[in-house]
Structures are given as structure tokens and as C-alpha cells.
Amino acid sequence: MNFLRQEKPAGMPHISIKLLRVFGVTGRLEERFRILPVMMTYVFCIVVPKCFYGYPNQEIAIIGIAELFFLTNSFCGMFLLFLNRHKLAEFIRHVRTFSLTESPPAVVQHLTTQHDFIHKITRIYCIVVMFAAHFYVLTPFLSTLYAFYGTVRNDNATMHFALQLEENFYGLQARTTTSHYLLFGMIMTPTVYLCAFTGTVKSVTICDITIHCILYVQLVQLKLRTVTQDNTFRHELKMVVKMHQDALNCASLLESITSLVLLLQLILCVLIWSSMLLYFTVSGFDLNFISLIVLFVFDTTETFAYCYLGEQLSYESARVAHIVYNSGWERQNTYVQKDLQLIIARAQRPVGITAGKFCYMNMVQLGIVSCDSENYLLFLCYIEGSDLTLFVCALQLYRF
């Protein structure tokens, strides 16, 4: 795991920068072509088979569509980050300048401690996704071997081939023919690992740079407390104003980079949750059920992380104004008061990450997405003429 080793200086999203370099988002100009085979794999191995070659029954169709939504969220989100690579490069330049700023020992200690914590959490998440990808790849093969063993012992049993992704791959009879199944597995195994890696890079990048923006705002707060405690406004207030402006610039670049990605996340999140819940209610407990639970958990965790971190960024930014107001500004001279008023005015502007500039990502928005998913599921059940409509209505009444 040397790729995920901790780097210096503290305060830089090193893991995100290295992961993005694999896709050509950061790094040298000649590395930009790396995104091309990734998107071609998405189009020809996922989109075309799932959209144009049909499904054998309704349950498998629901699984295939849910997988399509989930993978579209990962690959298209990654492509949007690639399109914003110039803004990402500017963000990294701001971060590098910010991390090298001379600060008091308390600020440096907080920066180092939080940098270590962020690195550990990011590393753990990458390892968890790696094991989940192994489960998603190997479980269909093990299920197929178990079914083959049962078929050998019972001549009347029907052989069932479990697929890693539910799709008819360019006419291959992967569900019934052994040679076609092996060929499908050889193609899908690296594809599934690529899907897991792409989704991980996208989610880790957004969460990592958001957490670092929160950290920069916290450093401004610590600097303000230190200046207030030592009563050194006259000598260090200009530095505080610059730190605060740098933090706001980083937050503004973050919002611009992630805006379209998070809009896609919210739209597809509603579709993913509705499709998965629909399958959970019409099907029994089987391998596909377990696979969809894994996707459901990761999609829910990702959306929760964006909303939670977005709310934390807004909260920490607003706290700067409260710290300045409680710093005894009325006892300072006119020039210091003007600089403090400038900080308060800037801190009162809303700061956060948005979904296409339509709404801020926070815990309230997560609740709205949950309600929208239930309503869309109710609409799907109504179209299908299913008795599950009563189930969803009862679920909504129970929630209220």
C-alpha cells in the first residue's frame, strides 16, 4: 500500500492528487489521454449492452437498470472532474500556498493532527472498497461453482450461471453456455475492478478536498483565537484576513468543481434508491439481492458523506463571524475594526457545496432525497399495477 502512504507537507490532499493522476486529471499534459480508455470501457462494456440488448425478465431488468444508474454516477462524475481539471489545478495551487503559510504552533499542530486523521480515514475507505470489489467479482464465480456442484449430484437440476453485471453482452449466451460465461467473466472482471476504482477516486476526491476546505476554515478560527488571546490584532490581523480570503477562495473553487458532479449525484441517487427498493420489494433473498445491498450501502454512504461534509463546511464558515464578534472588537482602534468588519461580512455569505447551484448539500437535502425516492417508488409501483403501492403508502404514513 505504498501508493496510499502519507506525504508532506501537511494540509495537501496527497491521496486525491495521486489517484486523479491515474486518470490523467492531474499530472503532465501527455497523461490526459488516460481518461479515454476508461470512458470507452464504460460505453462499450456497460452502456451499450445494458441499453440495447434487453433482459430476460423483469427482475433482472430492474437490477440491470439500477447497476446502470450506479455506474453512470461513477464514470460520468469522474469525467466531469476531468473537465474541471484546470480548476482542480488552481485549487491545488491555492492549497499548496495555504499549507506553507507560517502559523503559530497551535495552528500547525491542529493542521498536522487533522492531516494524519484525514489520511487514515481515506486509507481505510480505499481498503474497504477494495475488499467490496473482491466480493463483487468473486461471489458470482463461487455461486456458479456451487450450482455446478449441485447439478453434478442431481441430474434433474438446472445449471445457473451467476453474472457479475446483469446484461446481455453482445449476444453472448453467458447465462447458459459455459464457454460464453468464461469469456464474459474474463471481460467483466477487470471492468468491475475499474468501476470500483473509478467510483472510489470520484468519492475520495470530493470528500478529501471538502474536508481540507473545512480544515482551512478551522485554521482561520484558531488563528483568530490566538490573535484574540495574545491581543496582537495590530500586527497579525492582515495575515488573518489573507488566510480567511484564501480559505474562501478554496471553498469557491470547491463549489465550482463539484457543482455538476453533485447535481448528477442527487438525480441518480433518487433513481438508484427507487430501483433498488423496487427490487427489494418484488424479489426474494438471493445473490442479486446481496449484490444490490452492497451498491445500496455504498451509494447511501456516499450521498450521506457529501451532505454531512457540505453542512460542516457551511457551519464552520459561519462560526468565523461569531468568533470575530466575541473577540472584543469594540475595544480595538478604527483600523482594526474595519478589518474585522471585513471578515464578518465575508463570513456571513453562504459557503458550501451545491448541486448545480440549485441547492446546498446538507442533511436537510438528504431527507428531501429520501422522500423523493419514496415518491418515485410509489409512482413505479402504480405504473406496474402492483399491490406494493399500499406498502409504500404505509411506509410513508409510518414515517410521518
Side-chain angles (χ1 to χ4, degrees), residues 6-7 9-17 81 87-88 90-101 103-104 106-125 202-226 240-259 261-262 265 301-324 343-344 346-355 359-366:
Q6 188 168 344
E7 303 283 352
M12 289 280 293
H14 296 287
I15 292 182
S16 298
I17 295 173
L81 290 178
K87 295 179 181 178
L88 272 168
E90 185 178 355
F91 178 86
I92 292 172
R93 286 195 297 270
H94 275 77
V95 167
R96 185 174 288 110
T97 303
F98 200 93
S99 63
L100 296 177
T101 303
S103 301
V107 176
V108 174
Q109 182 180 2
H110 182 76
L111 177 64
T112 305
T113 303
Q114 291 300 312
H115 179 76
D116 296 341
F117 177 74
I118 294 170
H119 179 269
K120 290 179 182 178
I121 294 298
T122 306
R123 184 184 175 95
I124 291 173
Y125 179 78
K202 187 206 79 168
S203 58
V204 165
T205 298
I206 296 176
C207 291
D208 200 13
I209 61 179
T210 305
I211 293 174
H212 277 85
C213 281
I214 296 172
L215 174 60
Y216 304 147
V217 177
Q218 290 176 346
L219 294 180
V220 174
Q221 297 174 12
L222 279 174
K223 183 69 173 179
L224 277 170
R225 292 194 183 99
T226 303
V240 176
V241 173
K242 185 180 183 304
M243 285 182 63
H244 188 222
Q245 186 59 50
D246 289 341
L248 292 178
N249 290 337
C250 289
S252 178
L253 285 170
L254 168 67
E255 192 275 333
S256 180
I257 292 168
T258 61
S259 179
V261 182
L262 296 179
Q265 174 77 26
T301 303
E302 184 180 1
T303 306
F304 173 82
Y306 297 155
C307 293
Y308 176 78
L309 293 176
E311 185 167 290
Q312 286 295 112
L313 179 59
S314 300
Y315 173 75
E316 295 293 343
S317 178
R319 281 190 63 193
V320 174
H322 294 282
I323 293 175
V324 173
I343 295 177
I344 293 177
R346 289 173 175 174
Q348 287 178 337
R349 290 184 297 177
V351 175
I353 52 178
T354 65
C359 59
Y360 281 95
M361 296 292 289
N362 49 40
M363 300 307 292
V364 175
Q365 190 61 40
L366 181 64

Visitor: Find the distance between CG (Leu219) and CD1 (Ile214) and round it off to the nearest 0.5 Å.
Guide: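 So the gap between those two atoms works out to 12.0 Å.
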
Visitor: Under a 4.0 Å threshold between the charged nitrogen and the carboxylate oxygen, would Lys120 count as salt-bridged to Asp116?
Guide: no

Visitor: Take Leu81 and Ile257 through the test side-chain contact (heavy atoms from CB on, under 4.5 Å) and record every step on the way to the result.
Guide: CA-CA 7 Å; Leu81 290 178; Ile257 292 168; 3.9 Å; yes

Visitor: For residues His94 and Cys250, report the shortest heavy-atom separation together with the two atoms involved.
Guide: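 Of all heavy-atom pairs spanning His94 and Cys250, the closest is CB-SG, 3.8 Å.
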
Visitor: State whether the side chain of Ser317 and the backbone N or O of Leu313 hold a donor-acceptor pair below 3.5 Å, judged by distance alone.
Guide: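 Not a single qualifying donor-acceptor pair exists.
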
Visitor: Whether the side chain of Ser314 engages the backbone of Val351 through a donor-acceptor N/O pair (distance < 3.5 Å, no angle test) should be reported.
Guide: yes

Visitor: Starting at CD1 of Ile206, measure out to CD1 of Ile211 and round the result to the nearest 0.5 Å.
Guide: 12.0 Å

Visitor: Looking at Tyr308, I'd like to know if its OH atom is crowded, meaning that more than 12 non-hydrogen atoms belonging to other residues, nucleotides or ligands lie closer than 6.0 Å.
Guide: no

Visitor: Before giving the answer on salt bridge (charged side-chain N to carboxylate O under 4.0 Å, His left out), spell out for Arg319 and Glu316 the whole-Å C-alpha distance, their side-chain angles and the decisive distance to 0.1 Å.
Guide: CA-CA 5 Å; Arg319 281 190 63 193; Glu316 295 293 343; 3.8 Å; yes

Visitor: Identify the heavy atoms of Cys207 and Tyr306 that sit nearest to each other, and give their distance.
Guide: SG-CE2, 3.7 Å

Visitor: Give me the atom names and distance for the closest heavy-atom approach of Cys213 to Phe91.
Guide: SG-CE1, 3.7 Å

Visitor: For residues Ile17 and Ile92, report the shortest heavy-atom separation together with the two atoms involved.
Guide: CG1-CD1, 3.8 Å

Visitor: Give the C-alpha distance, both sets of side-chain angles, the deciding distance and a yes or no for side-chain contact (heavy atoms from CB on, under 4.5 Å) between His244 and Leu248.
Guide: CA-CA 6 Å; His244 188 222; Leu248 292 178; 3.8 Å; yes

Visitor: Does Gln221 reach the main-chain N or O of Ile323 with its side chain, forming a donor-acceptor pair under 3.5 Å?
Guide: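 Between the backbone of Ile323 and the side chain of Gln221 there is no qualifying donor-acceptor contact (under 3.5 Å).
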
Visitor: Do the rings of Tyr216 and His212 sit parallel, tilted or perpendicular, given the 30° and 60° boundaries?
Guide: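 Because their plane-to-plane angle lies in the 30° to 60° range, the rings of Tyr216 and His212 count as tilted.
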
